[in-house]
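Accompanying notes for the structure given below.
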Amino acid sequence: MILSSGLKREEAGLAAPVPLRSDFDAAALRRLARASRDPAQTRRLLALSAIDAGGSRTQAAALGGVGLQTGRDWVLAFNADGPDGLIDAKAPGARPRLNARQREALRALVEQEPMPAIHGVVRWRLVDLVQILFEDHGVSVSQQTLSRVQRGMGYRKLSARPRHHAQDPQATAAFKKPFPARWAQIAQATGGKPIEIWFADEARVGQTNTIPRRWARRGTRPSAPKDQRTASASLFGAICPARGTGAGLVMPRCTTEAMNLHLAEIAKAVAPGAHAVRLLDQAGWHTTRQLVVPANITLLPLPARSPELNPVENIWQFIRENWLGNRIFASSDAILDHCCHAWNRLIDQPWRIISIGLRAWAHGF
């Protein structure tokens, strides 16, 4: 007799079916099917539960809506990997255009930045990186593909933070490393009081305002109002990231008198019985001997030309991008009102101050 299908072979008893693994019974398979979030896995578990309950392979295949060979494949996959073997694996997709070695070369290239005298540009463009990959590694990719590759590696096109040309590159590390010891010295000098770290800075807010980035359709350049008048005010701000609080004043300009008023405002915001260490830059009104420093505050100057150590710089950026940018201020009073409103909104979001202000070198010990 000629058997034309696997079904006839199994029913005639000429092909031994593959037995199911014994560590799952029919009830357990049905429970797994009910808990599964994958429809395909659910269908396959129910089909296998029918087999374990004593049903024929033909019935199980019909229940799963497949043929006997596919049902056999399910049994083999289940025996090898358990219920996870019945989940469809993600398709491998096309082979990456850049292998691991080429990606590492691209990463090193982006990290070291171009040398204008050699590369002829002051910042990498996609077209430059495409050309270098072709010349040095013999791989040809489009700019669109390279953009996706770089995004997959964690790179984005970001605005650079201005850095003073005379900044000492070692000053930042030299300030951070002994900070825990300096903290301990201040705590000892204040009789063991709890120490709060406060960061402080000033921002000029005026009619010549900033234009933050905004969402817009690709290929367009959205417009925003821009004032050329010069009325301004100075927003004095200080934050204590550990407590998620701050103290601010809006003053006509940055002077010693304004600084004294801000120090008094911070002194009132320090927790009772605690001592504040206020970190600030070396502006003239921060270092003058005419300052009246409250008893519960110690001033600690940051290294010269090192704004990256002061998270209040990031606070100013956040405030401008969300509440002060893209505005026209009709008068000095309007500037004052908007600055107060923006600062008060920040103080109402302590989680924001914590998120922006915490620094491992100042709070992680």
Side-chain angles (χ1 to χ4, degrees), residues 171-203 234-251 254-316 318-319 340 343-365:
T172 299
F175 181 84
K176 292 180 180 179
K177 187 173 181 180
F179 189 80
R182 190 179 291 116
W183 169 300
Q185 291 173 358
I186 296 174
Q188 184 178 7
T190 58
K193 291 182 178 180
I195 300 297
E196 295 182 357
I197 298 299
W198 286 71
F199 295 94
D201 195 27
E202 299 82 34
S234 293
L235 176 54
F236 283 69
I239 60 170
C240 178
R243 290 175 51 210
T245 189
L249 283 178
V250 184
M251 305 297 292
C254 293
T255 63
T256 302
E257 292 75 16
M259 178 68 175
N260 283 330
L261 292 173
H262 192 212
L263 284 171
E265 192 72 17
I266 297 173
K268 292 187 292 185
V270 177
H275 189 85
V277 178
R278 175 176 170 173
L279 284 77
L280 68 179
D281 60 35
Q282 300 184 33
W285 56 91
H286 293 167
T287 57
T288 176
R289 295 182 179 179
Q290 299 177 13
L291 285 180
V292 180
V293 183
N296 62 343
I297 295 179
T298 295
L299 301 184
L300 183 59
L302 295 167
R305 312 178 188 92
S306 301
E308 64 273 10
L309 289 174
N310 194 343
V312 182
E313 297 283 351
N314 304 105
I315 291 289
W316 298 146
F318 178 80
I319 288 178
C340 292
W343 184 261
N344 289 333
R345 288 196 67 177
L346 176 73
I347 296 301
D348 289 340
Q349 301 178 18
W351 63 89
R352 191 78 65 184
I353 297 175
I354 295 171
S355 174
I356 297 177
L358 285 179
R359 294 293 184 270
W361 60 268
H363 302 96
F365 58 90

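This chain uses plain numbering: 1 for the first residue, then up along the sequence. None of these values were measured; they are calculated from a predicted model.
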Checking the side chain of [X] only, and the main-chain atoms of [Y] only, is there a donor and an acceptor separated by less than 3.5 Å?
X: S355; Y: I353; result: no
X: N314; Y: G357; result: no
X: D201; Y: E313; result: no
X: E196; Y: C240; result: no

From [X] [atom1] over to [Y] [atom2], what is the distance, rounded to the nearest 0.5 angstrom?
X: L249; Y: M259; atom1: CG; atom2: CE; value: 11.0 Å
X: L280; Y: W198; atom1: CG; atom2: CH2; value: 13.5 Å
X: I239; Y: I347; atom1: CD1; atom2: CD1; value: 8.5 Å
X: H275; Y: I186; atom1: NE2; atom2: CD1; value: 6.5 Å
X: F199; Y: D281; atom1: CZ; atom2: CG; value: 12.5 Å
X: W183; Y: I197; atom1: CH2; atom2: CD1; value: 4.5 Å

Can you name the nearest heavy-atom pair linking [X] to [Y], along with the distance?
X: A269; Y: A247; answer: CB-CB, 4.2 Å
X: A238; Y: I266; answer: CB-CD1, 3.5 Å
X: V270; Y: A276; answer: CG2-CB, 3.5 Å
X: R359; Y: P311; answer: NH2-CB, 3.2 Å
X: T256; Y: L291; answer: CG2-CD2, 4.0 Å
X: F175; Y: P301; answer: CE1-O, 3.6 Å

Sub-4.5 Å side-chain heavy-atom contact between [X] and [Y]:
X: L309; Y: L279; result: no
X: E202; Y: H286; result: yes
X: F236; Y: E265; result: no
X: N310; Y: W316; result: no
X: T298; Y: I195; result: no
X: N296; Y: K193; result: no

